[in-house]
Amino acid sequence: MAKMTLEELRNLRGSKKKEMTQRDGDKCAQIVIGMGTCGIAAGAKDAFDAFLDELNHNDVKDTRITQTGCMGLCFSEPTVEVAVPDMPRVIYGNVDAQVARRIVREHILGKSLVSDHIFDKPAQDIIK
Amino acid sequence: MHATLCDLITDLVQNAFEADATEIKLNVEETEKNLKVVIQDNGKGMSAETLEKAKDPFWSDGRKHRHRNVGLGLPFLFQTSEMTNGRVEIDSQEGLGTTVTFHFDPTHVDLPVFGNFTTAAITLMTYGFKGNLTIERSRNGMRYTLSRNELADALGDLNDLESLTLLKAFVESNEEELNHNDSDIL
Ligand SMILES: Nc1ncnc2c1ncn2[C@@H]1O[C@H](COP(=O)(O)OP(=O)(O)O)[C@@H](O)[C@H]1O
Ligand SMILES: [Mg+2]
């Protein structure tokens, strides 16, 4: 791949951006990755790479990935918060690359929680 | 200790984010004989006393978690430096900012692997920091620069999947050029 220029980057985004505005914005899934010292040491960047790869691989659009510092759950890092419209907001613990891929396939695409990695369990009755 | 040098660098740049800096420069210069990293910020800085405390793994300023007294970012840096005969300089002035500089010997057997710079750069650029972050990266004389303001101007929302994916391709193509040049030399 030849070195991409800022201008090329702008143009590529230009065409994609148009696609974006045609979709409705509230369908957006949100992924928040805990990137504090403990998260980084536990492999949060591997989770980040895996999310990016798996989302693209499955052609999931309308997703935002953001980061936060320490979530205070150091013993279960990497931790990731996932919010999909019309689903409970969930915090997952010990999210390695493989779990990140499962979150994309099962939670974001399949609309079912990855129960064995839920850290902050929502009310018991919504987990089957 | 962090598994890779890129993890260590990420952690130290985050200290600058947390210090309320508005302007941060990260410089990563690799040659066959030396790895030089400079992280310069215009954040809140540290008094000599705070800096001394910050070297202690069982101290943190309490802003993130009031009762937490563990802070491993700087101790990891000193630990890595001591283990590999590296050199660390921290120049900080309260209210003005901090410059962290370190030199490591890339051939030292105890030095952690360098790691993936592309991912480090993307996560730093999309951390949610509102000021400007400039990354200057060079390897054996080849160099490129990334500026958060320029990237945000070209891409808009940096955190949506399309932007992240384009950003990754962009940084990767720049990294490839550095490494390509490398194989020409060998
Ligand atoms: N760039 C910086 N600017 C101002 N203060 C800093 C900077 N880097 C570190 N510090 C101070 O040193 C303390 C220890 O840093 P660190 O070892 O990374 O642990 P932590 O960030 O978890 O507290 C921080 O809480 C902060 O008070
Ligand atoms: Mg820190």
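Per chain, numbering begins at 1; letters A, B, ... match sequence-line order.
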When you measure from the side chain of [X] to the backbone of [Y], do you find a donor-acceptor pair of N or O atoms at a distance under 3.5 Å?
{"X": "Y127(B)", "Y": "T66(A)", "value": "no"}
{"X": "N159(B)", "Y": "I65(A)", "value": "yes"}
{"X": "E176(B)", "Y": "K3(A)", "value": "no"}
{"X": "Q14(B)", "Y": "T37(A)", "value": "no"}

When you check the side-chain N and O atoms of [X] and [Y], is any donor under 3.5 Å from an acceptor?
{"X": "Q67(A)", "Y": "T126(B)", "result": "yes"}
{"X": "K45(A)", "Y": "T10(B)", "result": "yes"}
{"X": "D49(A)", "Y": "T119(B)", "result": "yes"}

*List the steps and the verdict of side-chain contact (heavy atoms from CB on, under 4.5 Å) for N174(B) and M4(A).*
CA-CA 7 Å; N174(B) 278 281; M4(A) 203 189 279; 5.6 Å; no
From [atom1] ([X]) to [atom2] ([Y]), nearest 0.5 Å:
{"X": "L164(B)", "Y": "F48(A)", "atom1": "CG", "atom2": "CZ", "result": "5.0 Å"}
{"X": "D53(A)", "Y": "K168(B)", "atom1": "CG", "atom2": "NZ", "result": "6.0 Å"}
{"X": "E162(B)", "Y": "D62(A)", "atom1": "CD", "atom2": "CG", "result": "7.0 Å"}

Less than 4.5 Å apart, side chain to side chain, heavy atoms only: is that true for [X] and [Y]?
{"X": "F170(B)", "Y": "L12(A)", "value": "no"}
{"X": "L52(A)", "Y": "L161(B)", "value": "yes"}
{"X": "L151(B)", "Y": "L9(A)", "value": "yes"}

*Hey, are K61(A) and D160(B) close enough for a salt bridge, meaning a charged N less than 4.0 Å from a carboxylate O?*
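Result for this pair is no, no salt bridge flagged.
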*From the options D153(B), L155(B), L166(B), select the one residue that forms a side-chain contact (heavy atoms from CB on, under 4.5 Å) with R10(A).*
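It is D153(B); the other options fail the test.
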